[in-house]
There are 2 protein chains.
Amino acid sequence: MRGMLSFLIMWFLSKRPMYGEEIAQELEKMKGSKPTPGTIYPALKHLQNNGLITSRKDGRNIIYSLTEKGTTTSKKAFEYFCIMFEPVFRDCIKAKNLKKN
Amino acid sequence: MRGMLSFLIMWFLSKRPMYGEEIAQELEKMKGSKPTPGTIYPALKHLQNNGLITSRKDGRNIIYSLTEKGTTTSKKAFEYFCIMFEPVFRDCIKAKNLKKN
DNA sequence: TCAGATGTATCGTATACCCAATAATAATAT
DNA sequence: ATATTATTATTGGGTATACGATACATCTGA
């Protein structure tokens, strides 16, 4: 249940490397509200400390990307997430179809 | 990001009233692991304090159900959840289809 | 070169979440 | 009826996630 933010961050990074602000913006698109730096950077640091992501400087940005370990972990977490929330998803689809009628 | 547990509890209760142990079992089906009482009951208490659920005794069980306020809140949270995680869901479906081939 | 804009980092705090151990209760069998 | 047992609920405490506010660093353009 815990660690949804880290999960989403890794999911983003599985698409393409991003820097912190970019990740925050993606989350804003999703959630409607932008996480504050105090939310995003500690999470990134934590992921990095666990060897799941690496960072490299590019100009003023620090670009994060998944490590090999991170890729594996992210895939597993993704599969777990899919299975776990499948019943809710089905409900989402159902609700959507109902609205169409 | 936080409050996933409460969200799921309310989602369960939107289907039918349940007592604590039942909710824990539903979560076990979903997650694979059963939350301990110390996880579930504080969450229930919190929801009740916020007027989102009510409880009534039935035999040895305490059956929880959504209040009117809870129903409204739950619906909104559900819609929000659907919109927010839609891109991830799409990925889930994609991943599933790939496996079929 | 310095001002504004953008990106990054840190600190303190709240609380959701979680576990373990314990208590309470009802169902049961004797 | 009473004791036993199984099931359900409660409590207390610990931890990590997430948040807001603030401060720092770096780039860019005038």
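Proteins come first, then strands; the chains are lettered A, B, ... in the order of their sequence lines, and each starts at number 1. Please read all numbers here as calculations on a predicted model, not as lab measurements.
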- Carboxylate-amine/guanidinium proximity below 4.0 Å for B/Arg16 and B/Glu22: yes
Phosphate oxygens OP1/OP2 of [N]: is one of them under 4.0 Å from a side-chain N or O of [X]?
{"X": "B/Lys57", "N": "C/dA26", "answer": "yes"}
{"X": "B/Tyr41", "N": "D/dA9", "answer": "yes"}
{"X": "A/Thr39", "N": "D/dA18", "answer": "no"}
{"X": "B/Lys45", "N": "D/dT11", "answer": "yes"}
{"X": "B/His46", "N": "C/dA16", "answer": "yes"}
{"X": "A/Lys31", "N": "D/dC19", "answer": "yes"}
{"X": "A/Thr36", "N": "D/dG20", "answer": "yes"}

- Do the ring planes of A/Phe85 and B/Phe81 sit parallel (below 30°), tilted (30 to 60°) or perpendicular (above 60°)? tilted
Nucleotide [N], atom [atom2] - distance to [atom1] of [X] in whole Å:
{"X": "B/Tyr19", "N": "C/dT25", "atom1": "OH", "atom2": "P", "result": "18 Å"}
{"X": "B/Leu47", "N": "C/dA16", "atom1": "CG", "atom2": "P", "result": "10 Å"}
{"X": "B/Tyr64", "N": "D/dT8", "atom1": "OH", "atom2": "P", "result": "13 Å"}
{"X": "A/Ile62", "N": "C/dA9", "atom1": "CD1", "atom2": "C1'", "result": "9 Å"}
{"X": "B/Leu27", "N": "C/dA16", "atom1": "CG", "atom2": "P", "result": "17 Å"}
{"X": "B/Leu5", "N": "C/dC19", "atom1": "CG", "atom2": "C1'", "result": "14 Å"}
{"X": "B/Ile23", "N": "C/dC17", "atom1": "CD1", "atom2": "C1'", "result": "16 Å"}
{"X": "B/Ile9", "N": "C/dC17", "atom1": "CD1", "atom2": "P", "result": "8 Å"}

- Query: Which nucleotide in the set C/dT6, D/dT7, C/dT8 lies at the smallest distance from any side-chain heavy atom of B/Arg60?
  - Reply: D/dT7
When we call it a touch if two heavy atoms are under 4.0 Å apart, what does [X] touch: a base, just sugar-phosphate, or nothing?
{"X": "B/Gly38", "result": "base"}
{"X": "A/Phe7", "result": "nothing"}
{"X": "A/Ile40", "result": "nothing"}

- Considering all heavy atoms of both residues, which atom of B/Thr67 and which atom of B/Ile53 are nearest to each other, and what is their separation? CG2-C, 3.6 Å
- Message: How close do B/Phe89 and A/Cys92 get, counting heavy atoms only, and between which atoms?
- Response: CE1-SG, 4.0 Å
- Query: Given that A/Gly59 and A/Ala43 both sit by DNA chain D, which one's nearest nucleotide is further toward the 5' end?
  - Reply: A/Ala43
- Query: If we only count heavy atoms from C-beta on, is the A/Ile40 to A/Leu27 side-chain gap below 4.5 Å?
  - Reply: yes
- Item | Side-chain heavy atoms of A/Ser14 within contact of A/Thr71, under 4.5 Å | no
- Task: Check if the side chain of B/Arg2 and the base of D/dT17 share a donor-acceptor pair of N or O atoms closer than 3.5 Å.
- Result: yes
